[in-house]
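Here is the structure we will look at, set down as structure tokens.
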Amino acid sequence: MSLFKIATPLSYWILVALWLFILVLYLRIRHQDQTSTAMKVLLSVLALDALRTLFESLYFGIFRSAQAGWLPADIVGLLSQPDMVFIPKLVNLIVAVMVLILLLRRWMPLLVKEQYAQKQQIQQLSVEVSEREQAEQALRDTQEHFRHLAHHDTLTGLPNRALLLDRIQQEIYKADRADKTLAVLFIDLDRFKQINDSLGHAAGDEVLMMAAVRLKETVRQDDTVSRIGGDEFVAVINGVADVAAIVEVATKILHAMEQSFDVENHQLYMSCSIGVSLYTQDGDDPETLLRHADAAMYRAKSEGRNTVEFYTSDMTDEVLKRMMFASQLRSALDDDQFVLYYQPQYDLSTGELVGVEALIRWQHPQLGLLCPEEFIPLAEETGLIVPIGDWVLRRACRTLRRWMDAGLDLNRMAVNINLSSKQLRHEHLSEQVLNVLKEFNVPAENIELEITEGTLMHDPKSAATVLQRFMDEGIEIAIDDFGTGYSSLSYLKRLPINKLKIDRSFVQDIPESQSDMEIARAVIALARSLNLKVVGEGVETEAQAAFLREEGCDIGQGFLYSKPIPEHEMVAHFTENALSSSCAGSAVRV
Ligand SMILES: Nc1nc2c(ncn2[C@@H]2O[C@H](COP(=O)(O)O[C@H]3[C@@H](O)[C@H](n4cnc5c(=O)[nH]c(N)nc54)O[C@@H]3COP(=O)(O)O)[C@@H](O)[C@H]2O)c(=O)[nH]1
């Protein structure tokens, strides 16, 4: 039964209006969350009920009778009444539709706009929400990335120094609770610099990544492996029962590092030195444990590398000494404590003096005269090699100027100056060298620069640019220690160089060592084919000199002729050189 009744046409129109009102109301609240579902159901039922009543009445039409007035009625009954006025269903319908259109025109835009606005708002909101979520996620990712960066080494992904110290601290807490000890292993790769210098940083990086993986595989999963510097790694071994357990782990690490590293078609062999400190006997905080493991590692290096050393208290003194030495090296330049020695080089077939190599010494106030091997590595490490190298160049040019002013015949003679890799990488090297030559009025032909094979191969392309500049000015270039690096023959062919110096390690065992003789022969043949001159270094015996001369080596340098000597003593060799020119073999044993 319907809730609505149509008794008169007025009630019909009221019902139409009511239905429309209910409909509009329903449409408005349909999407509003705050309106209860019960209200929405009630309105939709009312609307449907009103609609049904309307249609029922429409189906029959409406008539007017004199007695009853306006009434909805059956079409049959309607036709039998003479005073009735029939309003056909169609008219009803048209009026209803018009009213509906009028109302919809008034309400619909508002409704549509409102719904559209609501939808837009909802869409906007959801876009904003998802954008905010994305932004928040990106922020979280960035924060996580920075947190990771702040605590990890970018190359190997291992914890860095900051995280390492934290991990050691955590392990200390655990060790205290479990009444166990822990060990800090400071691991430094032996001669890693050579790989970096000769094959370049990309190859060096690959070796470091491979070393990191090997270290991680060697220790337990809950032990920490960290990289804290260039080729320096630290392993924290927890729950250590005794020293034997540490020796076992350290031995495994030594063994893992001895396996070949296959990098860029090279099979590289390396080793490492390990220093160990133990909690609590060698320190009870992370910094001290790390410092003492480092000191022990230095001892392992000086003991010949590829070995393990446990920390002892005297090692701290060694580290302190090293730091003091570095600060003394810094002031040595200002205090004019360096001296240049010169070692002559002779033409092996004529016996003529053709060059001298300038070799630095440090006149240390307490330790006496120090050889370059005792301080050049530290100078390279600290960057002091650049000002020291500059000093060597100026001092050598000053000496040349003095010799020239003294009337010595230097026409066919050059002073050889060693350049380190750091100097070669220095932006203004060529300008600096040329300026110094100008300052002392020294012809470029009297200067030759020696660069080790490793340094050249570190970055052959940029080295070639610098060397070409020197060559254009008339300065000759020699590759030092040839045979010890990893020269690429294709690069060698293209590099602007004049000489190869056979490393003395291949000369010292001639004629006993067949393989060394083969290597020396091969270097001489290579130099010939590239149209380069060859120098035999470290010639100590007549037999070595004879072998090199017979094989076609051009120049000899070594103790057989002279040890490196101070500037003033060198003058005598020039006089002897004059003698040797007229009677080769007497003054100089060639
Ligand atoms: N960057 C710079 N490096 C320099 C400079 N001065 C020297 N050096 C490098 O130090 C290394 C060692 O030099 P030194 O102790 O002077 O040794 C030289 C010679 O004394 C030694 N030599 C020469 N002949 C013989 C020999 O017959 N037997 C023997 N046992 N040793 C000998 O060789 C060194 C010269 O070698 P090289 O330079 O390879 O020609 C050395 O690598 C120097 O390069 C500097 O100013 N800057």
Side-chain angles (χ1 to χ4, degrees), residues 193-194 197 329 332-333 337-346 348 355-363 368-399 414-426 429 433 436 447-456 458 477-485 499-510 516 523 534-545 547-548 553 555-567 569-570 573 589:
K193 192 175 170 296
Q194 272 184 12
D197 282 352
L329 187 60
L333 259 184
Q337 291 171 358
F338 292 117
V339 263
L340 264 197
Y341 273 45
Y342 297 90
Q343 187 176 34
Q345 297 174 333
Y346 292 97
L348 282 174
V356 291
E357 180 176 357
L359 295 157
I360 195 171
R361 306 284 182 262
W362 179 8
Q363 188 63 61
L369 195 67
L370 300 181
C371 281
E373 266 151 3
E374 291 172 270
F375 60 89
I376 290 282
L378 189 60
E380 299 232 11
E381 232 175 82
T382 52
L384 283 168
I385 193 67
V386 175
I388 291 176
D390 192 44
W391 179 88
V392 170
L393 175 72
R394 299 179 70 80
R395 186 49 61 98
C397 286
R398 194 185 80 170
T399 304
V415 172
N416 291 30
I417 294 165
N418 289 284
L419 283 188
S420 76
S421 55
K422 276 217 170 80
Q423 281 176 279
L424 194 68
R425 284 202 295 271
H426 204 268
L429 176 72
V433 172
V436 174
I447 290 289
E448 189 169 300
L449 298 175
E450 284 191 17
I451 296 144
T452 63
E453 188 185 10
T455 300
L456 264 186
H458 171 63
I477 310 290
I479 301 193
D480 202 4
D481 303 341
F482 192 78
T484 57
K499 272 182 198 158
L500 295 185
K501 290 185 80 177
I502 308 172
D503 188 64
R504 69 168 186 268
S505 60
F506 302 120
V507 175
Q508 67 190 12
D509 292 329
I510 289 175
D516 283 353
V523 176
V534 201
V535 183
E537 281 184 355
V539 183
E540 292 187 0
T541 66
E542 294 282 3
Q544 289 164 353
F547 171 82
L548 292 171
C553 179
I555 297 162
Q557 175 185 350
F559 292 173
L560 174 67
Y561 313 113
S562 168
K563 288 197 166 179
I565 47 177
E567 180 186 330
E569 283 182 36
M570 193 55 223
H573 279 263
R589 288 170 288 160

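Counting convention: from 1, in listed order, for ligands and their atoms alike.
For the pair K499/E448, a side-chain contact is recorded, criterion being any heavy-atom separation below 4.5 Å from C-beta on. Side-chain contact check for W391 versus L340: some heavy-atom pair is nearer than 4.5 Å. Using a 4.5 Å heavy-atom cutoff, the side chains of I555 and Y346 are not in contact. Put simply, the side chain of I510 does not reach to within 4.5 Å of the side chain of T541, judged on heavy atoms. Taking 4.5 Å as the limit, every side-chain heavy atom of T452 sits out of range of all side-chain heavy atoms of I479. Between F559 and Q343 the shortest side-chain heavy-atom distance falls below 4.5 Å.
Of all the heavy atoms in R361 and C371, the pair that sits closest is CD-CA, 4.3 Å.
Within the 4.0 angstrom cut-off, atom 44 (O) of ligand 1 has one or more protein heavy-atom neighbours. Within the 4.0 angstrom cut-off, atom 41 (C) of ligand 1 has no protein heavy-atom neighbours. When distances from atom 17 (O) of ligand 1 to the protein are checked, no heavy atom turns up under 4.0 Å.
In this structure, W362 and F375 have perpendicular ring planes: the angle between them is above 60°, well past the 30° mark.
By the criterion of a heavy-atom distance under 4.0 Å, the side chain of R361, and not its backbone, is placed next to ligand 1. With a 4.0 Å cut-off on non-hydrogen atoms, L359 touches ligand 1 through its backbone as well as its side chain. The residue Q508 has no part lying near ligand 1, judged by heavy-atom distances below 4.0 Å.
If you number the atoms of ligand 1 from 1 as listed, the ones under 4.0 Å from a heavy atom of P372 come out as 7 (C), 8 (N), 10 (O), 12 (C), 13 (O), 14 (P), 15 (O), 16 (O). Within ligand 1, the atoms closer than 4.0 Å to a non-hydrogen atom of G558 are 24 (N), 27 (O), numbered from 1 in the order shown. In the vicinity of E540, heavy-atom distances shorter than 4.0 Å reach the ligand 1 atoms 26 (C), 27 (O), 28 (N), 29 (C), 30 (N). Counting the atoms of ligand 1 from 1 in the order shown, those under 4.0 Å from a heavy atom of V539 are 27 (O).
By the 4.0 Å heavy-atom criterion, P564 is counted among the residues contacting ligand 1.
The closest donor-acceptor contact from the side chain of Q544 to the backbone of V507 lies under 3.5 Å.
Any N or O atom pair closer than 3.5 Å counts here, and F559 shares at least one such pair with ligand 1. Considering both main-chain and side-chain atoms, D480 comes within under 3.5 Å of ligand 1 through a nitrogen or oxygen pair. Note: an N/O pair closer than 3.5 Å links K501 and ligand 1 by distance alone. Considering backbone and side-chain atoms together, E373 places no N or O closer than 3.5 Å to any N or O of ligand 1. Residue Q557 has no nitrogen or oxygen atom sitting less than 3.5 Å from a nitrogen or oxygen atom of ligand 1, judged on distance alone.
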Problem set entry | Full working for side-chain hydrogen bond (donor to acceptor under 3.5 Å, both in side chains) between Y342 and S562 | CA-CA 9 Å; Y342 297 90; S562 168; over 6 Å; no
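Atom 24 (N) of ligand 1 has its closest protein heavy atom at Q343 NE2, 3.0 Å. If you check which protein heavy atom lies closest to atom 2 (C) of ligand 1, you get N418 CB, 3.6 Å. Considering only non-hydrogen protein atoms, atom 34 (C) of ligand 1 sits nearest to R504 NH1, 3.3 Å.
When the options I376, V392, V507, T455 are ranked by their closest heavy atom to atom 46 (O) of ligand 1, first place goes to V392.
Salt bridge status for K501 with E357: present, with a side-chain N to carboxylate O gap under 4.0 Å.
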